[in-house]
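Reading through the structure tokens given below for one structure.
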Amino acid sequence: MANLKMFIDGEWKESETLETRPVINPANGEVISYSPEGTAVDARAAIFAARRAFEEGVWSGISAQERASYLFKIADKIEEYADELTQLETMDNGKPLREAGFDIGDAAACFRYYAGLITKPDGYTYHVADPMQAMVVREPVGVCGLIVPWNYPLLMSVWKIAPALAAGNTIVFKPSEVTPVTPKKLFEIFEEVGLPKGVANMVMGAGPVVGHEIASHPEVDMISFTGGTKTGKHIMKTAADTMKKVSLELGGKSPNIIFADADFETAVDYALFGIFSGSGQVCSAGSRILVEESIYDKFVERFVERAKKIKVGAGNDPITEMGPLVSEQHLEKILHYIEVGLEEGATIACGGKRIVSKGLEKGFFVEPTVFINVKPEMKIVQEEIFGPVVVIQKFQDESEAVKLANNTIYGLAGAVFSNDGAKALRVIKKLRAGITWVNSYHPTYNEAPWGGYKQSGIGRSLGTFGLEEFQEIKQININLQVEPIGWFSN
Ligand code: NDP
């Protein structure tokens, strides 16, 4: 694959220093390409291009219908290149082709959703005292800085880019340094459909350099970030100096609560999907399974039996069910957490090791890992591991389930499995989490808001809420009786 380039003001650019860094295939450790090591100077060039394009109104000044027609064309192109994008996503992130294929389809659908939404009525009028007429209109925020992680390289990019562009903003986008390949292809599509110069800009490089410049620069009006909670806090502090609008989608340690009256095999099946899809590198992963005491042993036995049978391998092997971790650095982090769990006194019911069998020895593979005999205060129960590592906890009754479920700093997602509908809803209503499921795990919809309570973030992606994140609200008051008010006597 040719070396990657950044896209600034409608042109493909190398870093101003000409430095690059390797992009690695996590299934075999091989270099697939080199990406530019962008600098603060490169980031500023992108910010100024986005600012100029915004002020000139080449995007915000055209009709919503016209903007929508670009977004529809982008969706069509994503579908036209779906096979290529799927292969590239698997090569860069490691995820199985089946998962990558779903992501690409969702990405096209997300552009279509926002293309449709932006042409629908919005705003309000108010019945205020005569002779005034009051109304509210929505406007773009301006220049939006969009920073995304590596777990869904294309889809996470689109969740931000589609609503930001639909609303009429111009953007400075930074993919993860680990997975820039499909985002770069998306920007080729932007060029192909003829987005006006400067509307969509992409800078690559280290988060603390390029990302920091975007978060701190006064010409950026808003920052929308998805990634780790630690980085999110840093970005929020950085953005505070220029009072940017901030939208943060951060980590989780989501509870999956299974009552004894649940459909047993359905609960086991979804619990496996909840933690091991995406190799556990999913912000909403069901990484804490809470099981009612009376079925705990039976559940652990069946869950472990099935976890051991998951086919781990290279994402481009059609039989693979779980791929590698995204990078060697991330693999080390996961192995470290497994050691910490053992040191804390938890028991491994299955997995726990790097997979070095023939053909996988150069990749970053870890066995699906299950910890039991855990205590609520342990690090492996409290901290986001972001890998194929799950803890299974025991609870006695509804109130203990809720207490354990809410007992972390996070509040992104959660699920309840039970055949008692009233009980399931009672528990869901007590969960301090933004995304919940009953007798299911993981389905996500472009139409519905996505985001967390507590330290899982601020704001929402997707749906109407996801568009509003990228809009300002303006009050307009019109005097219908144009004559002096006479407040002062002379
Ligand atoms: P980060 O949160 O560090 O990275 C996410 C994005 O932010 C990347 O584009 C990154 O750039 C950028 N970034 C990093 N530092 C800064 C900064 N100072 N200013 C602006 N942007 C910055 O995730 P990591 O890859 O380091 O993963 C760490 C942990 O975060 C994971 O183990 C997991 O627990 C969690 N995580 C959660 C995700 C979620 O969806 N909730 C997604 C990814 C990670 P760069 O390209 O340099 O990394």
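Atoms considered below: every heavy atom in the structure, side chains included; atoms not considered: hydrogens, waters and symmetry mates. Whatever order the structure lists ligands and atoms in, that order sets their numbers, starting from 1. The residues of the chain are indexed from 1 along the displayed sequence.
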**OP:** Looking only at distances, please establish whether an N/O atom of ligand 1 is found under 3.5 Å from an N/O atom of C283.
**Re:** no
Original post:
Would atom 4 (O) of ligand 1 count as contacted, meaning some protein heavy atom under 4.0 Å?
Top reply: no
Original post:
Considering only heavy atoms of T226, which atoms of ligand 1 have at least one such atom less than 4.0 Å away?
Top reply: 5 (C), 40 (O)
Subject >> Residue H212 vicinity, atoms of ligand 1 by number, heavy atom under 4.0 Å >> reply: 19 (N), 20 (C)
Original post:
Counting only N and O atoms by type, is there a donor-acceptor contact under 3.5 Å from the side chain of S456 to the main-chain atoms of G251?
Top reply: yes
**OP:** Considering only non-hydrogen protein atoms, determine which one is nearest to atom 30 (O) of ligand 1 and report residue, atom name and distance to 0.1 Å.
**Re:** G228 CA, 3.1 Å
**OP:** Report the part of Q281 in contact with ligand 1, treating N, CA, C, O as backbone and CB onward as side chain, heavy atoms under 4.0 Å; options are side chain, backbone, both, neither.
**Re:** neither
**OP:** Kindly check if the number of other-residue, nucleotide or ligand heavy atoms within 6.0 Å of CZ (R432) is above 12?
**Re:** no
**OP:** Have a look at I385, T231, L325 and point out the one with the heavy atom closest to atom 16 (C) of ligand 1.
**Re:** T231
Subject >> Within reach of ligand 1, part of T238 (heavy-atom separation under 4.0 Å) >> reply: neither
**OP:** Measure P175 to ligand 1 on non-hydrogen atoms and call it side chain, backbone, both or neither using the 4.0 Å cut-off.
**Re:** backbone
Subject >> Sub-4.0 Å protein heavy atom next to atom 26 (O) of ligand 1 >> reply: no
**OP:** Measure the distance from atom 11 (O) of ligand 1 to every protein heavy atom, then report the residue, atom name and distance (to 0.1 Å) of the closest one.
**Re:** K174 NZ, 3.1 Å
Original post:
Do you know which two heavy atoms are closest between L431 and A415, and how far apart they sit?
Top reply: CD1-N, 4.4 Å
Subject >> ligand 1 atoms in contact with G211 (distance to a heavy atom under 4.0 Å) >> reply: 19 (N), 20 (C), 21 (N)
Subject >> Side-chain (K95) to main-chain (S279) donor-acceptor, under 3.5 angstrom >> reply: no
Subject >> Protein heavy atom at shortest distance from atom 18 (N) of ligand 1 >> reply: H234 CD2, 3.2 Å
Original post:
Contact between Y152 and ligand 1, counting heavy atoms under 4.0 Å?
Top reply: no
Original post:
With atoms numbered from 1 as shown, which atoms in ligand 1 lie under 4.0 angstrom from a non-hydrogen atom of I235?
Top reply: 19 (N), 20 (C), 21 (N)
Subject >> Distance-only N or O hit between ligand 1 and L250, under 3.5 Å >> reply: yes
Subject >> Positive for side chain to side chain contact (heavy atoms under 4.5 Å, CB included) with F303, one of V291, L272, I372 >> reply: L272
Original post:
Should T444 and L462 count as side-chain neighbours, where that means a heavy-atom distance under 4.5 Å?
Top reply: yes
Subject >> Over all atoms of both residues, closest heavy-atom pair of I32 and D92 >> reply: CD1-CA, 4.0 Å
Original post:
Are R52 and D9 close enough for a salt bridge, meaning some N to O gap below 4.0 Å?
Top reply: yes
**OP:** Report the residue from N3, L4, L18 that forms a side chain to side chain contact (heavy atoms under 4.5 Å, CB included) with P36.
**Re:** L4
Original post:
Polar-atom distance check: G207 versus ligand 1, any N or O pair below 3.5 Å?
Top reply: yes
Subject >> Contact partition for K333 relative to ligand 1, non-hydrogen atoms under 4.0 Å >> reply: side chain
Original post:
Have T86 and D83 got a donor and an acceptor in their side chains that come within less than 3.5 Å?
Top reply: no
Original post:
Which option out of G232, P149, G145 puts a heavy atom nearest to atom 42 (C) of ligand 1?
Top reply: P149
**OP:** May I ask whether M156 has any heavy atom positioned less than 4.0 angstrom from an atom of ligand 1?
**Re:** no
Original post:
Does the pair E213/R44 count as a salt bridge with the N-to-O cut at 4.0 Å?
Top reply: yes
**OP:** Take atom CE of M236 as the centre, draw a 6.0 Å sphere, and report whether it contains more than 12 heavy atoms from other residues, nucleotides or ligands.
**Re:** no
**OP:** Just jot down the ligand 1 atoms closer than 4.0 angstrom to any heavy atom of G251, in number order.
**Re:** 41 (N)
Original post:
Between E11 and K13, is there a salt bridge with N-O shorter than 4.0 Å?
Top reply: yes
Original post:
Counting heavy atoms only, which part of E177 comes closer than 4.0 Å to ligand 1: side chain, backbone, both or neither?
Top reply: both
Original post:
Going by distance alone, is a donor N or O of one side chain under 3.5 Å from an acceptor N or O of the other, for S461 and E249?
Top reply: yes
**OP:** Report yes if V148 has an N/O atom closer than 3.5 Å to an N/O atom of ligand 1; otherwise report no.
**Re:** yes
Original post:
Does F48 have its ring centroid less than 6.0 Å away from the ring centroid of H217?
Top reply: yes
**OP:** Could you list which atoms of ligand 1 come closer than 4.0 Å to a heavy atom of A206?
**Re:** 47 (O)
Subject >> Under 3.5 Å: N/O of E384 near N/O of ligand 1 >> reply: yes
